[in-house]
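These notes concern the structure reproduced below.
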Amino acid sequence: MSEPLIAMRDVNKYYGEYHALRGITAEIGAGEFFSLLGPSGCGKTTLLRAIAGFEEISSGVISLLGKDMAGVPPNQRPTNMVFQSYAIFPHLSVKQNVGFGLRKSGMGVAEKTRAIGEALEMVGLGHLGGRAAHALSGGQRQRVALARALILKPKVLLLDEPLSALDRKMREDMQVELMKLQREVGITFVLVTHDQEEALVMSDRIAVMFEGEIAQLADPEVLYRRPATKRVADFIGVMNFLPGQAADGTLEVAGLGQVDLDGTFVPDGSVSGACSVGLRPETLTLLADGEAGSAREASGVIDEVVYYGDMTYYDVRLEGLPEPVRLSMRNIVGRDVLDVGAPARVAWDPRAMVVFPD
Amino acid sequence: MRVRPLGVFAVLYLMFLYAPIILLPIFAFNDGTVIAFPLRGFTTGWFAELTQIPALHEATLNSLIIACSVAVLATCLGLFAARAATRYKFPLKGGIMGFIMLPLVLPEVIVAISLLVVLMQLGIETSIFTIILGHTLLCMPFAIAILQGSFSGLDQSLEEAAVDLGETRAGAFRLVILPLVTPGIIASLLICFIISLDEFIIAFFLSGNEPTLPVYLWGQLRFPARLPVVMALGTILVGLSIVLLIVADVFRRRGLRKMGQQDAGGFL
Ligand SMILES: Nc1ncnc2c1ncn2[C@@H]1O[C@H](COP(=O)(O)OP(=O)(O)O)[C@@H](O)[C@H]1O
Ligand SMILES: [Mg+2]
């Protein structure tokens, strides 16, 4: 990354007494698909609106293209926004909506018409230009909002939970479509979402936020496999937390046994005393009857079976553990789905362990 | 056919409500000075006579001046109040809004007398101007109620989206907010105009020697011979009110449709 497109340095925002953004520092590169991920109320929208210029920050610096944006109004920033409600102008047609931002562009009528046509084509709405805006479905409104913003060729497109109003199927289709679109136009996308799956699927990098702070900023794989804190681990996907005890380079994991601390991942570098040992469901394997085990094996009883078609999730009660652990198995040909109450042997691997201090 | 008690009630109710209004045009066109059946033939003479009364013309002019001023004043003030109420949070908002809406439920006589007392204490002569003040007070709640409906249907991000797309705040208001609330503004203007035009009690107390139409009408009731003329004038007023009310509601509905919203109540 040469010059970052967006640079945020120690950004703070207060709403009265309430500290909504706490020392946000991050850089977003040109052409990146960047996501702000966090539970509702953590300040994602506030940060996005601060980048767009709709919220004044209390301290710190936000710069776009190397220029400090303090005091620059939204209409003079190289950003455009897709609002959570889409904010389609209900009294205008689809074409008028998409062409709204071109009013001050100095383009001729023919040029504008062509640009609008292209923008609508790009989001797959070429046939709907004459339709009144209030007669659109949720998915169509979203596309109009996208076209309306992209027609201005901004340096940054800001999207506030653009998919949360769509039903599941449509959402998954739109995720792929948004990724394609972003690659096509090469514009930096900054996406706000509370849906970790959505963030993992679409983003080049993700900033996980809790209570106005960035807890971890990394690419999806690192975030998933190497979460920096227990809270991040818990928020992204599913993770089992087993009680553990670390001392002198060894780790005693309840229900599993003793392992070398060196072979595990310790986000803080070192750990001693009581700790939580994180294991993702797919890193645990349910062994079939007679299947050769390994030294790293625990036995227990199946407590719950959740069948997803392609996958089955099992909750297995292991000896010596108060809580069942969750593991997932791909339903490949020849592997039977086990029943509740069946005895189970579970193979595990210390390399998949993430050790958090308690 | 089975007679349904609620149906009978509805018919009686409507008759009771509208019979006097239907009688108004009937006797306005009746060729006789006595307001009684049987009818004595058709005439438009009473309407013609209306054009011959200078005092009536003066009263009409007064009423029009007052109604127009009130419509504009109440709608402008209502615009500010409605936007503030839907857009911003401020301390005591509920109390303040409730206070503004109070004239809606206060007996008009009380409002009128109170206003008169205040004006007398301040040493202000009653005139067209004081009626405008009183009527504005009376119309404000209606203006606010109508305009609040327009504003509360507006997504706040519409304005921001316009700014985001390069417009200034003023441009966003002109291009997005104004078109969306214009039907509400027109509806408010018309409704306030009618309310002021038809209002009697406040006008009666505050008019001094500049009577409005209803006050003039009331004065004419003392002369039985003038009754048919009064009927003719009343017919015109009622007709005008109904037409304006319908137009106002058409605008209000068009506003809602523009925003793709469902109609939730209204005047008609
Ligand atoms: N205009 C505002 N005034 C006061 N508090 C606000 C305002 N906007 C947001 N907040 C508060 O700031 C916090 C973060 O809000 P927001 O950025 O919208 O969260 P998110 O988008 O992550 O759900 C919330 O607790 C919210 O109540
Ligand atoms: Mg939000």
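Throughout, a chain's letter reflects where its sequence line sits, starting with A, and its residues are numbered from 1. Model, not experiment: these values are computed from the prediction.
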Item to complete: Using the test salt bridge (Lys or Arg N to Asp or Glu O under 4.0 Å), find all partners of B:Arg169 that sit at least two apart in sequence or belong to another chain.
Response: B:Glu159
Worksheet item: For A:Arg77, what residues pass the salt bridge (Lys or Arg N to Asp or Glu O under 4.0 Å) criterion, not counting sequence neighbours?
Response: none
Within 6.0 Å of [atom1] in [X], more than 12 heavy atoms from elsewhere:
| X | atom1 | answer |
| --- | --- | --- |
| A:Arg9 | CZ | no |
| B:Phe173 | CZ | yes |
| B:Lys93 | NZ | yes |
| A:Lys95 | NZ | no |
| B:Phe90 | CZ | yes |
| B:Phe80 | CZ | no |
| B:Leu92 | CG | no |
| A:Lys155 | NZ | no |

Indicate yes or no: at least one non-hydrogen side-chain atom of [X] is less than 4.5 angstrom from one of [Y].
| X | Y | result |
| --- | --- | --- |
| A:Ser85 | B:Leu158 | no |
| B:Asp155 | A:Phe89 | no |
| B:Leu175 | A:Phe100 | yes |

Item to complete: Check whether any side-chain N or O of A:His91 sits under 3.5 Å from a backbone N or O of B:Ile177 as a donor-acceptor pair, and report yes or no.
Response: no
Worksheet item: For A:Ile88, is it the side chain, the backbone, both or neither that has a heavy atom under 4.5 Å from a heavy atom of chain B?
Response: backbone
Practice prompt. Give, for atom CZ of A:Arg49 and atom CD of B:Glu160, the distance between the pair rounded to the nearest 0.5 Å.
Written response: 4.0 Å
Practice prompt. To the nearest 0.5 Å, tell me how far B:Leu180 CG sits from A:Leu92 CG.
Written response: 8.0 Å
Discussion item. I need the contact set between residues 101-110 of chain A and chain B: heavy-atom distance under 4.5 Å, sorted by residue number.
Written reply: A:Gly101, A:Arg103, A:Lys104
Which donor-acceptor pairs under 3.5 Å do side chains of residues 60-76 of chain A form with protein atoms, sequence neighbours excluded?
unit_1  : atom_1 : unit_2   : atom_2 : d
A:Asp68 : OD1    : A:Ala70  : N      : 3.0
A:Asn75 : ND2    : B:Glu167 : O      : 2.8

Worksheet item: Which bit of B:Asp164 is near chain A, if near means a heavy-atom gap under 4.5 Å: side chain, backbone, both or neither?
Response: both
Discussion item. Please classify the contact between B:Ala162 and chain A as side chain, backbone, both or neither, with a heavy-atom cut-off of under 4.5 Å.
Written reply: both
Worksheet item: If every non-hydrogen atom of A:Ala87 is compared with every non-hydrogen atom of B:Ser157, which pair is closest and at what distance?
Response: CB-O, 3.6 Å
